[in-house]
Amino acid sequence: MPKLKVVTFGCQANELDSARIVGLLARDGYTLTDDESEADLIILNGCSIRDKAEQKLYSRLGTLRALKARRPNLRLGVAGCLGQREGETLRRRFPYLDLVVGNGEHLVEIPRLLSAAAVRLSSAAIPPTGFFPADVEVHRDSRYRAWVGVMEGCDNFCTFCVVPHTRGRERSRPPDEILGEVAALRDRGYREITLLGQTVNSYGLKLEPPVSFAALLRRIDRVVGPYVRVRFATSHPKDVTAELAEAMASLPSVCPHMHLPIQSGSSRTLARMGRTYSREEYLDKVQLLRAAVPDLSLTTDIIVGFPGESDKGFEETLSLMREVGFDAAFAFKFSPRRGTPAADFPDQVPDSVRAERLAAVLSLQDELSLRKNGKWIGRRVEVLVDCELSKRGSGLAGGRTRQNKIVHFTGGEVEEGTLANVQITGGTSHHLKGVLIPSL
Ligand code: SAH
Ligand code: SF4
Ligand code: F3S
């Protein structure tokens, strides 16, 4: 049996694509290995969102080249958004690559490329337009947590972002197909399903007839009942509606958490980013959600040092963070991406300033997260037990609350994938601490 290792760079969409690659190659007899030294095929599933993501993959390729020199039968491939965007360059720069392929439905080319005699570059330099075939079983490495892709691509063309160029136009899977996949996961005992899309809450607006994301959530809730947790990512502020807030508030399966990237607190910067909402409109959406959904946790993405971002503009990001009080934030230094408008904006911010601003955002968020987490002390929460989050050395079990907060807790043995009731006794900026409440 040939052995396969897949290394994922990038976001959850790439994680899902990796699971698709494994499922696809399982049909040709490949089994998974973690050990590079015994792999027959290593595929790096690459990300192009920031320069750093690309560099990480390039340096990994350098190491693998040495391995391949010792083991000539080892085959190496690059897939994903990086393969999609940089196919020709990769082949030129790393001639020892056996295969380069894009993302999404282009992945189905992998078996053909592996058996081809010479040219191993995917024919598809154009971004995907369809869907990965539903009849290929996606590999699931968890028996209780699963991702379900509901839409692909993005039409927003934010001026800094490569995603519309790598993943193509926005398209939604038919609801019945999604419901079928969700029902199968329910039947196999899955406890948590995360619906994935670049702007997941824009789901279905272009279907014929249109189906709103809230309507999809209602249909999913009817399929899974209250026993499965339903999450979704990533949401775009422009498509947060009263209907969605109401669905989150009323559907027992849907978790009270939203990842809602703001990017900047300055309306001027937001306009230059092409985000299509202002600071005030974002705050209105937050209010709408919080009024409807008790204990909602809100997380976000922030870009610092976008071209033209003044000290004052940056201060507005800090003040927005304070005003909203995010539960957590991912912050990034602006990274100019070739082919996107912002890369050519004249007023680029020096890297030293970007670095200072990043440090300021991270330090403020630490403070805010600590304060937010402190509010949970004394409360009881439901935790989905997850061994990856346990701290084995110190005997602490781990898991996540419905708000997606990490909890470390003491007080007894619990089985992975089960729900535990935990009394919260403390918190850091990163996680909550607690004690298991024994079930009666
Ligand atoms: N679809 C999501 C974002 C996907 S990309 C949305 O619209 O919210 C994930 C995050 O990477 C973005 O939210 C943004 O914060 C960051 N990002 C994207 N392009 C970037 C760039 N050129 N430089 C720095 N960060 C970037
Ligand atoms: Fe990129 Fe903007 Fe689309 Fe998000 S909404 S994937 S940031 S273009
Ligand atoms: Fe990266 Fe592609 Fe995701 S560029 S962030 S892997 S959509």
Side-chain angles (χ1 to χ4, degrees), residues 156 158 195 197-205 212-218 221 229-304 306 312-331 361 364-376 379 381 401-405 427 429:
N156 293 298
C158 299
L195 310 174
Q198 282 306 327
T199 55
V200 71
N201 57 331
S202 324
Y203 172 84
L205 299 177
S212 69
F213 183 59
L216 180 71
L217 287 177
R218 289 195 291 269
D221 184 76
R229 289 178 170 189
V230 175
R231 303 189 180 284
F232 52 91
T234 293
S235 299
H236 193 294
K238 79 176 164 51
D239 292 312
V240 168
T241 58
E243 189 199 8
L244 176 55
E246 208 281 317
M248 289 183 75
S250 63
L251 302 173
S253 65
V254 177
C255 289
H257 169 229
M258 190 181 274
H259 186 64
L260 193 65
I262 173 75
Q263 312 300 0
S264 165
S266 145
S267 292
R268 176 179 167 271
T269 304
L270 288 169
R272 287 167 52 99
M273 288 175 160
R275 288 293 288 181
T276 71
Y277 53 84
S278 64
R279 173 190 177 103
E280 290 68 32
E281 282 162 340
Y282 184 91
L283 289 170
D284 286 348
K285 300 279 169 119
V286 168
Q287 213 174 8
L288 173 77
L289 290 163
R290 285 198 166 144
V293 187
D295 290 330
L296 176 74
S297 104
L298 264 182
T299 55
T300 202
D301 291 345
I302 290 168
I303 296 179
V304 297
F306 187 78
K312 183 171 157 287
F314 175 62
E315 282 299 323
E316 289 184 89
T317 295
L318 297 178
S319 76
L320 180 122
M321 289 171 66
R322 283 191 207 98
E323 194 167 338
V324 175
F326 291 109
D327 289 84
F330 298 96
V361 163
L364 172 60
Q365 186 54 49
D366 252 13
E367 224 179 89
L368 296 173
S369 299
L370 184 64
R371 208 178 306 157
K372 276 266 154 188
N373 286 347
K375 294 200 168 145
W376 286 91
R379 295 183 62 178
V381 295
T401 68
R402 292 180 63 83
Q403 281 75 11
N404 213 29
K405 288 191 181 287
S429 58

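Keep in mind that the numbers below use all heavy atoms, side chains included, and drop hydrogens, waters and symmetry copies.
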Quick check for you: to the nearest 0.5 Å, what is the distance between [X] atom [atom1] and [Y] atom [atom2]?
{"X": "Glu243", "Y": "Thr241", "atom1": "CD", "atom2": "OG1", "value": "5.5 Å"}
{"X": "Ile262", "Y": "Thr317", "atom1": "CD1", "atom2": "OG1", "value": "8.0 Å"}
{"X": "Ser297", "Y": "Trp376", "atom1": "OG", "atom2": "CH2", "value": "8.0 Å"}
{"X": "Met258", "Y": "Leu289", "atom1": "CE", "atom2": "CG", "value": "4.5 Å"}
{"X": "Asn201", "Y": "Leu216", "atom1": "CG", "atom2": "CG", "value": "11.5 Å"}

Open item on the list: I'd like to know whether His259 forms a side-chain hydrogen bond (donor to acceptor under 3.5 Å, both in side chains) with Thr299, so could you lay out the CA-CA distance, the side-chain angles of the two residues, the decisive distance to 0.1 Å, and finally the verdict.
Closed with: CA-CA 5 Å; His259 186 64; Thr299 55; 2.8 Å; yes
Return yes if some donor-acceptor pair links the side-chain N/O of [X] with the main-chain N/O of [Y] below 3.5 Å, else return no.
{"X": "Ser267", "Y": "Ser278", "result": "no"}
{"X": "Thr300", "Y": "Leu260", "result": "yes"}
{"X": "Ser369", "Y": "Asp366", "result": "no"}

Of all residues at least two apart in sequence or in a different chain, which pass the salt bridge (charged side-chain N to carboxylate O under 4.0 Å, His left out) check with Glu367?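 Salt bridge (charged side-chain N to carboxylate O under 4.0 Å, His left out) check on Glu367 returns Arg371.
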(Q) Asp301: which residues meet the salt bridge (charged side-chain N to carboxylate O under 4.0 Å, His left out) condition with it, sequence neighbours left out? (A)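 By the salt bridge (charged side-chain N to carboxylate O under 4.0 Å, His left out) rule, Asp301 matches no residue at all.
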Would you call [X] and [Y] a side-chain contact if the rule is heavy atoms closer than 4.5 Å?
{"X": "Leu288", "Y": "Leu244", "value": "no"}
{"X": "Ser264", "Y": "Glu316", "value": "no"}
{"X": "Thr234", "Y": "Thr199", "value": "no"}
{"X": "Thr276", "Y": "Asn156", "value": "no"}

Could you go step by step and tell me if Met273 and Ile303 meet the side-chain contact (heavy atoms from CB on, under 4.5 Å) rule?
CA-CA 10 Å; Met273 288 175 160; Ile303 296 179; 4.0 Å; yes
Checklist entry - Checking salt bridge (Lys or Arg N to Asp or Glu O under 4.0 Å) for the pair Asp295/Lys375: CA distance, chi angles, key distance, verdict? => result CA-CA 10 Å; Asp295 290 330; Lys375 294 200 168 145; over 6 Å; no
Report all side-chain donor-acceptor pairs from residues 320-331 shorter than 3.5 Å, counting only partners two or more places apart or in another chain.
{"unit_1": "Glu323", "atom_1": "OE1", "unit_2": "Arg279", "atom_2": "NH2", "d": "3.4"}
{"unit_1": "Asp327", "atom_1": "OD1", "unit_2": "Leu298", "atom_2": "N", "d": "2.9"}
{"unit_1": "Asp327", "atom_1": "OD2", "unit_2": "Lys405", "atom_2": "NZ", "d": "2.9"}

Shortest non-hydrogen pair, Lys238 vs Ser202, comes out as NZ-OG, 3.7 Å
On a heavy-atom basis, which atom in Pro294 and which in Pro256 lie closest, and how many Å separate them?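 Scanning both residues, the minimum pair turns out to be O-CB, 4.2 Å.
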Do Val230 and Leu251 pass the side-chain contact (heavy atoms from CB on, under 4.5 Å) test, and can you show the C-alpha distance, the side-chain angles, and the key distance before you say yes or no? CA-CA 10 Å; Val230 175; Leu251 302 173; over 6 Å; no
* To do: Answer yes or no: does atom CD of Gln287 have more than 12 heavy-atom neighbours from other residues, nucleotides or ligands under 6.0 Å?
  => no
Kindly state each residue pair satisfying salt bridge (charged side-chain N to carboxylate O under 4.0 Å, His left out) with at least one member in residues 259-273, sequence neighbours excluded.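 Output for this query lists Arg272-Asp347.
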Residue pairs meeting ring pair (Phe, Tyr, Trp, His ring centres under 6.0 Å), one or both in residues 229-254, sequence neighbours left out, come to Phe213-Phe232, His236-Tyr277
Sequence neighbours left out, what passes side chain to side chain contact (heavy atoms under 4.5 Å, CB included) with [X]? Give chain and number order.
{"X": "Leu370", "answer": "Ser429"}
{"X": "Cys255", "answer": "Arg229, Arg231, Arg402"}
{"X": "Ala215", "answer": "Val211, Ser212, Arg218"}

Under the side-chain hydrogen bond (donor to acceptor under 3.5 Å, both in side chains) test, which residues partner [X], sequence neighbours left out?
{"X": "Ser235", "value": "none"}
{"X": "Gln263", "value": "none"}
{"X": "Ser253", "value": "Asp221"}
{"X": "Ser266", "value": "Thr269"}

